[in-house]
Amino acid sequence: MPTLELLRPDHAEAVLAFERANRAYFARSIPDRGDAYFAEFPARHAALLAEQAEGTCRFHVIRGADGELVGRVNLVDLADGSAELGYRVAESATGRGVARTAVAEVCRLAATAYGLTALTAVTTVDNLASRAVLAHNGFRFRYEFLFGDRPALSYRRSLADLRPSA
Ligand SMILES: CC(C)(COP(=O)(O)OP(=O)(O)OC[C@H]1O[C@@H](n2cnc3c(N)ncnc32)[C@H](O)[C@@H]1OP(=O)(O)O)[C@@H](O)C(=O)NCCC(=O)NCCS
């Protein structure tokens, strides 16, 4: 059962190793982070932690059953009760429900610990695994748009059913 940990300074080394090991895999589905991301990683990590401290983002690492870092699930642009969801899972851990479970957990945290009322997400039309993860977690399709030159889909999930008063 994967578990989430809010991003901390001491996650830096494991997150960098995760991003390096899966760079080519991720680049097949989503935009590559670019060489600068890897070259300047300590500063990038510190910047994420500063954003998180300001309350505009909530970043999490996903730990697998034996404690290894198998993914990331993030909420960015927290404003007006809403945030945008993003996630990525190590190639070696895919197809075992890690993303589905982690997204379910971050929805629960968003509604309870973070006090949010809705989440949004986007994925490209050809990212069938990501679309399945969103559908399993109650995200509803809103509209299609172009993400660069790729057809993409926008989703939204109300968190009303997960709020403490629900
Ligand atoms: C997309 C991603 C997060 C999925 O992670 P995961 O842990 O393998 O996802 P899960 O195992 O929880 O669920 C994957 C679902 O997609 C389905 N799936 C996988 N490949 C598929 C395909 N080619 N066609 C249709 N469905 C597919 C699986 O069957 C599963 O659905 P199920 O639960 O109904 O069986 C992971 O592949 C990833 O990190 N990809 C690169 C980054 C990325 O695309 N992030 C999302 C950006 S929007």
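Heavy-atom basis, side chains included; hydrogens, waters and symmetry copies ignored. Atoms within a ligand are numbered from 1 in the order they appear, just like the ligands themselves.
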Under 4.0 Å from any heavy atom of Leu128, which atoms of ligand 1 are there?
22 (C), 24 (N), 25 (C)
Using a 4.0 Å cut-off to any heavy atom of His136, which atoms of ligand 1 qualify?
31 (O), 32 (P), 33 (O), 34 (O)
Just by distance, with hydrogens left out, do Thr123 and Tyr155 show a side-chain donor and acceptor under 3.5 Å apart?
no
Should Tyr87 be counted as touching ligand 1, given the test is an N or O pair under 3.5 Å?
yes
Atom indices of ligand 1, in the order listed, that fall short of 4.0 Å to a heavy atom of Ile30:
42 (C), 43 (C), 44 (O), 47 (C)
Contact bool for atom 15 (C) of ligand 1 (protein heavy atom, d < 4.0 Å)
yes
Take atom 40 (N) of ligand 1 and look for protein heavy atoms under 4.0 Å from it; say yes if you find one, no if not.
yes
Can you find a protein heavy atom closer to atom 35 (O) of ligand 1 than 4.0 Å?
no
Can you confirm whether the side chains of His60 and Glu5 place a donor and an acceptor under 3.5 Å from each other?
no
Treating Asn74 as the side-chain partner and Gly86 as the backbone partner, does any N or O pair qualify as donor plus acceptor under 3.5 Å?
no
Tell me whether Arg88 has any N or O atom under 3.5 angstrom from an N or O of ligand 1.
no
With respect to Arg100, determine whether any N or O atom, backbone or side chain, lies less than 3.5 Å from an N or O atom of ligand 1.
yes
When you measure from the side chain of Arg157 to the backbone N and O of Asn137, does any donor-acceptor pair fall under 3.5 Å?
yes
How many angstroms lie between CG in Leu153 and CD in Glu144, if you round to the nearest 0.5 Å?
5.5 Å
A student checking ligand 1 against Arg96 at a 4.0 Å heavy-atom cut-off should list atoms 11 (O)
Per-atom contacts, ligand 1 versus Ala132 - under 4.0 Å to a heavy atom:
15 (C), 16 (O), 17 (C), 31 (O)
Trace of the salt bridge (Lys or Arg N to Asp or Glu O under 4.0 Å) decision for Arg156 with Glu84
CA-CA 9 Å; Arg156 182 178 185 277; Glu84 178 152 330; over 6 Å; no
Give a yes or no on whether the backbone of Val125 and the side-chain of Arg131 come within a donor-acceptor separation of less than 3.5 Å.
yes
With a 4.0 Å heavy-atom cut-off (strictly under), which part of Val133 contacts ligand 1: side chain, backbone, both or neither?
side chain
The answer for which part of Ala129 has a heavy atom under 4.0 Å from ligand 1 is both
List, by chain and then residue number, the residues other than Leu49 in its hydrophobic cluster (Ile/Leu/Val/Met/Phe/Trp/Tyr, side-chain heavy atoms under 4.5 Å); write none if there are no others.
Leu7, Val15, Leu16, Phe18, Tyr25, Phe26, Ile30, Tyr37, Phe38, Phe41, Leu48, Phe59, Val61, Leu69, Val76
Subset of ligand 1 atoms that lie under 4.0 Å from at least one heavy atom of Gly95
6 (P), 8 (O), 11 (O)
Under 4.0 angstrom from ligand 1, any heavy atom of Thr101?
no
Numbered atoms of ligand 1 (with element) below 4.0 Å of Val122, judged on heavy atoms
48 (S)
Any nitrogen or oxygen of Tyr25 lying under 3.5 Å from a nitrogen or oxygen in ligand 1? Just yes or no.
yes
Please say whether more than 12 non-hydrogen atoms of neighbouring residues, nucleotides or ligands are located less than 6.0 Å from CZ in Arg150.
yes
With a cut-off of 4.0 Å, which atoms of ligand 1 are near a heavy atom of Val98?
7 (O), 12 (O)
Which of these, Ala152, Gly97, Ala99, Ala102, has its nearest heavy atom closest to atom 6 (P) of ligand 1?
Ala99
Do Leu75 and Cys57 have side-chain heavy atoms sitting under 4.5 Å apart?
no
Assess the side chains of Thr124 and Asp126: does a donor N or O sit below 3.5 Å from an acceptor N or O?
yes
